[in-house]
Amino acid sequence: MALHEKSSAAETELLAGDALFLLDTDCDQVPRLRLPDAPMPAEAAYRLIHEELSLDGNARLNLATFVTTWMEPEADRLMAECADKNMIDKDEYPQTAELERRCVNILADLWHASDESGGTGCSTTGSSEACMLAGMALKRRWRARRRSEGKDATNPNIVMGVNVQVCWEKFANYFEVEPRLVPIEGDRYHLGAAQAIDACDENTIGVVAILGSTFDGSYEPVADIARGLDDLQARTGIDIPVHVDGASGAMIAPFVDPDLVWDFRLPRVASINTSGHKYGRVYPGVGWIIWRDAAALPEELVFHVNYLGGDMPTFALNFSRPGAQVAVQYYNFLRLGRDGYRAVQQGCRDVAMYTAAQIESTGRFDLLTDGSELPVFAFTTKPDSKFDVFDLSAHLRGRGWQVPAYTFPANRTDLAACRVVVRQGSKDATDLFLDDLRRAVAALDRTGGGIGEHRSSFHH
């Protein structure tokens with residue numbers, strides 16, 4: 001969440017509206033930053049807020065976000081019906097808890113957890129919480145092993161690419177683990193297997209491999225990393241697990257890349273997370289975390305409470321949170337099945353690759369990725385361009401399209417790119433976007449660059 005500071009009294013402004021707009025009440029002036037003294041009619045409060053929110057961007061034109069911006073009417077209705085259900089209150093809402101259990105089983109099966117060892121997991125408020133839980137489990141397993149061997153357990157580190165989502169840097173900071181961020185180099189825009197292994201030592205609690213980098217949509221080589229760690233253990237005896245951050249890719253690869261081995265088929269993979277609210281097709285916020293077996297999740301991290309009625313094992317950073325998204329996740333699993341998800345995700349990839357090819361065909365841009373892994377691609381301007389990606393992003397915003405422009409992390413801060421995320425939608429909308437992009441290029445050719453405002457590093 002963003003941090004905000006309390007404004008001074010001098011900065012306290014009033015929301016104002018005419019009497020007719022506010023339903024002929026005397027609420028013609030309402031403080032923005034403190035509670036009003038008196039209540040106002042519900043419709044008046046709604047109108048004020050509704051008008052302000054009209055200034056937000058159109059979610060359907062947001063090509064920056066990975067998060068679901070549209071669901072079927074039936075899913076919308078189901079979410080509204082479950083809006084008051086607290087996911088943590090499993091005794092009061094046992095059937096919602098049952099739907100969560102079914103979803104965990106579906107994901108464990110989708111990611112090839114074995115029938116013998118099973119898989120254990122839970123829903124979370126999103127992938128960020130799921131990653132925190134996975135990191136804690138890695139740290140506790142490492143610490144227990146070190147102590148059992150009579151070795152120092154005070155200097156844990158975690159290895160990951162510099163392109164990781166910011167939640168992993170937060171995990172390292174909050175839970176006092178040294179982050180070993182492997183830089184990108186040349187045309188390698190994510191963590192490489194050799195570089196990951198070189199960063200590991202006896203204090204490494206785990207390696208994080210991303211199935212779909214948010215910078216460019218590329219898959220990190222999970223199987224190669226696992227093989228490298230197998231070799232490291234054979235040479236040194238150091239046993240390091242892998243966590244797969246599949247926030248997006250864990251709901252893409254099983255359907256459109258079935259032969260890609262990245263999941264629990266690799267014995268080295270201890271846990272996997274995904275965002276149900278990304279390519280799982282649910283509104284924010286729900287995530288999932290699955291461990292390959294109970295041994296991968298230390299029992300000491302699981303709390304048992306009974307003050308909501310019955311025994312409830314829980315492993316979470318949050319306590320109360322909505323159950324509606326869990327119900328809608330199960331709806332999507334039933335509604336689509338394997339074939340439906342395959343069709344939707346393949347459709348997204350097809351549109352991403354088509355859009356990337358059309359942008360490249362203008363002759364004005366170089367593709368960094370082409371949408372052939374995640375339905376996401378990144379591109380940059382040609383070296384002799386009169387404008388840069390920040391100018392293009394700013395110009396497209398004038399037509400409502402939100403296309404982020406950002407610089408890459410160390411050691412490629414010299415590289416700036418735009419990124420497009422394709423979610424389910426029509427090809428017609430894609431062609432409208434491409435028409436606007438061509439018009440933006442023509443206009444920028446005439447006027448030159450310099451209109452982009454934010455030449456900053458990437459924000460996930």
Side-chain angles (χ1 to χ4, degrees), residues 66 110-112 127 131 134-135 138 157-165 168 179-201 204-236 238-274 279 290 292 345 349 352-353 367-378 408-412 415 417 419 460:
F66 287 76
L110 186 67
W111 298 336
H112 297 96
S127 272
C131 291
L138 292 175
N157 68 69
I158 188 166
V159 171
M160 47 198 173
V162 72
N163 57 304
V164 289
Q165 214 269 0
W168 284 106
R180 294 196 172 172
L181 298 172
V182 178
I184 61 177
E185 294 175 324
D187 295 333
R188 178 179 56 78
Y189 303 127
H190 58 224
L191 180 65
Q195 293 77 18
I197 306 310
D198 287 345
C200 292
D201 61 26
T204 302
I205 66 173
V207 175
V208 177
I210 307 173
L211 199 68
S213 171
T214 50
F215 277 89
D216 63 358
S218 61
Y219 293 160
E220 292 186 338
V222 182
D224 290 346
I225 291 170
R227 279 192 291 270
L229 291 171
D230 289 343
D231 178 67
L232 179 69
Q233 183 176 8
R235 289 186 288 107
T236 67
I238 300 174
D239 183 9
I240 299 174
V242 172
H243 172 79
V244 178
D245 183 349
S248 294
M251 290 302 294
I252 296 288
F255 305 109
V256 295
D257 300 306
D259 296 329
L260 180 67
V261 178
W262 61 273
D263 53 16
F264 292 127
R265 286 171 288 184
L266 298 170
R268 186 71 55 180
V269 173
S271 49
I272 302 170
N273 71 275
T274 198
Y279 287 99
I290 310 290
R292 70 177 305 114
Q345 313 304 38
R349 177 178 284 179
M353 294 182 68
L367 293 180
L368 305 181
T369 48
D370 65 358
S372 59
E373 293 181 316
L374 286 191
V376 173
F377 64 91
F408 273 61
N411 291 330
R412 286 304 313 271
L415 177 62
R419 187 201 63 210
H460 300 272

Review point. With sequence neighbours left out, what residues match Arg412 under side-chain hydrogen bond (donor to acceptor under 3.5 Å, both in side chains)?
Key: Asp414
Practice item. Answer yes or no: is there a donor N or O on one side and an acceptor on the other, between the side chain of Gln345 and the main chain of Met251, under 3.5 Å? Key: yes
Practice item. Return the set of residues passing side-chain hydrogen bond (donor to acceptor under 3.5 Å, both in side chains) with Asp370 (not counting sequence neighbours), or none when no residue passes. Key: Ser372
Review point. How would you list, by chain and number, every residue that makes a ring pair (Phe, Tyr, Trp, His ring centres under 6.0 Å) with Tyr219, sequence neighbours excluded?
Key: none
Exercise for review: Please list, chain by chain and in numerical order, all residues satisfying side-chain contact (heavy atoms from CB on, under 4.5 Å) with Ser248, sequence neighbours excluded.
Suggested key: Phe66, Lys278, Tyr279, Leu374
Review point. How would you list, by chain and number, every residue that makes a side-chain contact (heavy atoms from CB on, under 4.5 Å) with Glu220, sequence neighbours excluded?
Key: Asn163, His190, Leu191, Ala209, Ile210
Revision key, fill the gap. Scanning both residues in full, the closest heavy-atom pair of Trp168 with Ile158 reads CZ3-CD1, 4.0 Å
Practice item. Check whether any side-chain heavy atom of Ile238 lies under 4.5 Å from a side-chain heavy atom of Cys200, and answer yes or no. Key: no
Check your understanding: What residues form a side-chain contact (heavy atoms from CB on, under 4.5 Å) with Asp198, not counting sequence neighbours?
Key -> none
Review point. With Asp216, which residues qualify under side-chain hydrogen bond (donor to acceptor under 3.5 Å, both in side chains), at least two apart?
Key: Ser218
Study note, to complete from the structure: Contacts of Tyr189 meeting ring pair (Phe, Tyr, Trp, His ring centres under 6.0 Å) (sequence neighbours excluded), chain-then-number -> Phe408
Check your understanding: Can you tell me how far the CE atom of Met160 sits from the CG atom of Asp245, to the nearest 0.5 Å?
Key -> 10.5 Å
Review point. Can any side-chain N or O of Arg188 pair as donor or acceptor with the backbone N or O of Pro183 at less than 3.5 Å?
Key: yes
Exercise for review: Tell me, please, which residues at least two apart from Arg349 pass salt bridge (charged side-chain N to carboxylate O under 4.0 Å, His left out).
Suggested key: Asp257
Point to revise | Set of residues satisfying side-chain hydrogen bond (donor to acceptor under 3.5 Å, both in side chains) with respect to Thr236, sequence neighbours excluded | key: none
Review point. At what distance, to the nearest 0.5 angstrom, does CD1 of Ile252 lie from CG of Leu260?
Key: 12.5 Å
Study note, to complete from the structure: With sequence neighbours left out, the residues meeting side-chain contact (heavy atoms from CB on, under 4.5 Å) with Asp224 are Ala193, Pro221, Arg227
Review point. Applying salt bridge (charged side-chain N to carboxylate O under 4.0 Å, His left out), which residue pairs with at least one partner in residues 258-268 are found, sequence neighbours left out?
Key: Asp230-Arg268, Asp239-Arg268, Asp263-Arg265
